[in-house]
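Notes for the one structure printed next.
Every chain is numbered from 1, with letters handed out A, B, ... down the list of sequences.
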2 protein chains.
Amino acid sequence: MPVSLKDVASVAGVSIKTVSNVVHDYPFVRPTTRARVQKALDDMGYRPNFSARRLRNGRSGTIALSLPELTPYFSELAELVVMAAEERGLTVLIDRSGGERTHERRVAGGIRSNLTDGTIASPLAMTAEDVENLRDGHPIVLLGERLSHVGVDHVAIDSVAAARAATEHLLDLGRSRVAALGTARRPAGTVALRQRGYEQALRARGVRPERSLHGDVELFHRCDGYDAVHRLLAARSDVDALFCFNDLLAFGALRALRECGRRVPDDVAVVGFDDVEECTYSIPPLTSVAPDKPAVAEAAVGLLVLRMSAELPVEPREVFPPYRLVARESTVGG
Amino acid sequence: MPVSLKDVASVAGVSIKTVSNVVHDYPFVRPTTRARVQKALDDMGYRPNFSARRLRNGRSGTIALSLPELTPYFSELAELVVMAAEERGLTVLIDRSGGERTHERRVAGGIRSNLTDGTIASPLAMTAEDVENLRDGHPIVLLGERLSHVGVDHVAIDSVAAARAATEHLLDLGRSRVAALGTARRPAGTVALRQRGYEQALRARGVRPERSLHGDVELFHRCDGYDAVHRLLAARSDVDALFCFNDLLAFGALRALRECGRRVPDDVAVVGFDDVEECTYSIPPLTSVAPDKPAVAEAAVGLLVLRMSAELPVEPREVFPPYRLVARESTVGG
DNA sequence: CCCTTGTTCTACAACGTTGTAAACACAGCC
DNA sequence: GGCTGTGTTTACAACGTTGTAGAACAAGGG
């Protein structure tokens, strides 16, 4: 039995609008009236009805965060997005899209339909067309580098440069047979960029990229890294370094390497990507590319707020938050 | 510029209600009319306005999942809750409460106010009173064993029995100086239950619990486990087993043990709690108490749906999903 | 032909909120 | 007393939706 403005109004003996005015700290309310209304408000435990507000003024104060999965990196990012949004008085609706295209469409389409004022999405399976179609007027900010050609706001670290730095770090250690873990037969999006950075680094040192040093995967989970490393070592037992396209792959790799009797970093040096908290505690601790996650979250929310409050269409913007390579024992020894 | 029923109606040349009837598959619509309306619906890209629906019929089809943090266990659980809710046509709004009392109140109070139809909460800092006060009519299901005395639906594994089983597992391995990691000076909620199970197991084997085998922590993060183990080993270098109240503590412990030159499980056997995915890939893989997470999620959503659809007050129910101990190399060797 | 029954469609009200505009009270001033 | 201005309060409409009630029409039975 929720309490409405009407209920409060009748108890306080004023009009609905006056109660609304008190709730919103409208200045022209007589102090005595304000006190009386406030008391009724408190006594009755009034809570505004967000649906009605939203219906009335077209804003819900809620944004959607659509993530393919709640893996560690996305979880850490989600925490930061929630905090950044909170500072702006926004509530975040976290949606796990599962990376299935249909569902992601539903988010950008269905949920946005009046539940949220905007969406921050990390699209795994949406095409540029999907985004274009479903956006129509609904503010969207994309996380990650896919679809960068679409006219949409965009937040992503420079994956090519970061991947290149990670690979160079391994080369600097004197490793020459650096494998890439996370490649794909038909690389797209993030995979393509990291793969490019990896190859750039090799070529810059005069090392020829070899297909046999690719560890192809379907997904970016621990088990994919684990399986791929077993396959990789079977084919190329001389691998002496591993650049993993994300940390989960690296954790799977660490385990597989151990099972194959390779010491890390002595026999094989390993670098990950994302710098999730687990990196500090894995054995050995994992060297990783650390995107400035607070900056990513802040930029995403900031861009979205901007776009939500924009009256006129705004030129799509791209933000490239900083990153750095955090060297730990998986490359530089104990 | 969202499309409303009115817009579609005027294009299709029918009344608003007829469009609504088509949208809802109301049977008494002439096929020709239905086709005409459906075409307009599709052409114009009509999307229902959830706020208006919610306002009109008091249901939003959204439930809140309020978690203290997006740590691995909660992330895995959240995924399952989202899936369980999806099967029932519900959208989940994940809210990271941060474990701060004020915020958790806001969720059970503020957000519930008409954004969601119900709340699944894992309360860390709410008192029984808080829950009682803020519930009033709003369906709530609690995860975890705190506040079990409150008249609220409740889903939690039998923490005492599970903790006891974990401790017994260590004792069965012949360990006699089993430390508990995650204790508190003033144990409450989950901590108190797991501590009780731990002590029950010891006493059942005629082992006297010792205060010096407690590893007190503030929080349940990796770093807390790490710090506590360093302190513990400084005080009691004879520890030969470690029962950690959650997996993150255990991961911190694994690292600290390694730094102190203890081999796992040879010198110290380690058991965790929650069985997060990371357990399979840690080095060594971590023995852990594995709650049936899908069952937990299913039960929570099921109870909530029941309560949401209940006309009359329903007797509060408690569900205890099963759990099992998954033995891995951190206790049973490589 | 009227009456009933069934199908198809519509008008209206209401959910709770807030912006607009206007009403009202009461100063101070000509 | 009428005017202007300022402060305080209110009535009304509208946001998009759906339940209720009933209108309009056709078919079938007496």
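A side-chain N or O of B/H221 and one of B/E69 form a donor-acceptor pair less than 3.5 Å apart. If you check the side chains of B/T119 and B/S66, you find no donor sitting under 3.5 Å from an acceptor.
Among the atoms of the strands shown, only primed sugar atoms or phosphate atoms (P, OP1, OP2) are found under 4.0 Å from some heavy atom of A/S4.
Taking atom CZ of residue A/R47 and atom C1' of nucleotide C/dT17, one finds them 17 Å apart after rounding to whole Å. Rounded to an integer number of Å, the gap from CZ of B/R34 to P of C/dT7 is 14 Å. In this structure, A/N21 places its CG atom 13 Å from P of D/dA11, rounding to the nearest Å. Remark: C1' of C/dA14 and CG of A/L55 are 12 Å apart, rounded to the nearest angstrom. In this structure, CG of A/N49 is placed 16 Å from P of D/dG16, rounded to the nearest angstrom.
Annotation for B/R36: atom CZ counts as buried by contact number, over 12 foreign heavy atoms lying within 6.0 Å. Within a 6.0 Å sphere centred on CZ of A/R317, heavy atoms belonging to other residues, nucleotides or ligands number 12 at most.
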Q | Worked verdict on B/E298 versus B/K293 for salt bridge (charged side-chain N to carboxylate O under 4.0 Å, His left out) | A | CA-CA 8 Å; B/E298 188 60 30; B/K293 288 187 278 264; over 6 Å; no
Q | Pair B/R54-B/D117, salt bridge (charged side-chain N to carboxylate O under 4.0 Å, His left out): steps then yes or no | A | CA-CA 10 Å; B/R54 160 75 169 149; B/D117 300 335; 3.3 Å; yes
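Proximity of A/T33 to the phosphate of D/dT9: a side-chain N or O atom is located under 4.0 Å from OP1 or OP2. Under 4.0 angstrom from either OP1 or OP2 of D/dT10 there lies at least one side-chain N or O belonging to A/T18. Taking 4.0 angstrom as the limit, A/R54 places none of its side-chain polar atoms (N or O) nearer than this to OP1 or OP2 of C/dT17.
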Q: Determine, for nucleotides 18-27 of chain D in 5'-to-3' order, which nucleotides have protein heavy atoms under 4.0 Å from the base (write B), from only the sugar-phosphate (write S), or from neither (write -).
A: BBB-------
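Bending across the helix from C/dC1-D/dG30 to C/dC30-D/dG1, expressed as the angle between its end axes from five pairs apiece, amounts to 80° (10° rounding).
In the set D/dT8, C/dT10, D/dG16, the nucleotide with an atom closest to the side chain of B/V14 is C/dT10. Minimum atom distance to the side chain of A/F28 is reached by D/dT8, of the listed D/dT17, D/dT8, C/dC9.
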Using residues 12-29 of chain B as the side-chain source, report each donor-acceptor pair under 3.5 Å to any protein atom, sequence neighbours left out, with the distance given to one decimal.
{"unit_1": "B/S15", "atom_1": "OG", "unit_2": "B/K17", "atom_2": "N", "d": "3.4"}
{"unit_1": "B/S15", "atom_1": "OG", "unit_2": "B/T18", "atom_2": "N", "d": "3.3"}
{"unit_1": "B/S15", "atom_1": "OG", "unit_2": "B/T18", "atom_2": "OG1", "d": "3.2"}
{"unit_1": "B/N21", "atom_1": "ND2", "unit_2": "B/K17", "atom_2": "O", "d": "3.3"}
{"unit_1": "B/H24", "atom_1": "ND1", "unit_2": "B/S20", "atom_2": "O", "d": "3.0"}

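Put simply, the side chain of A/S75 gets close to the backbone of A/L70: a donor and an acceptor are under 3.5 Å apart. Judged by distance alone, with hydrogens and angles left aside, the side-chain atoms of B/E76 form a donor-acceptor pair with the main-chain N or O of B/E277 at under 3.5 Å.
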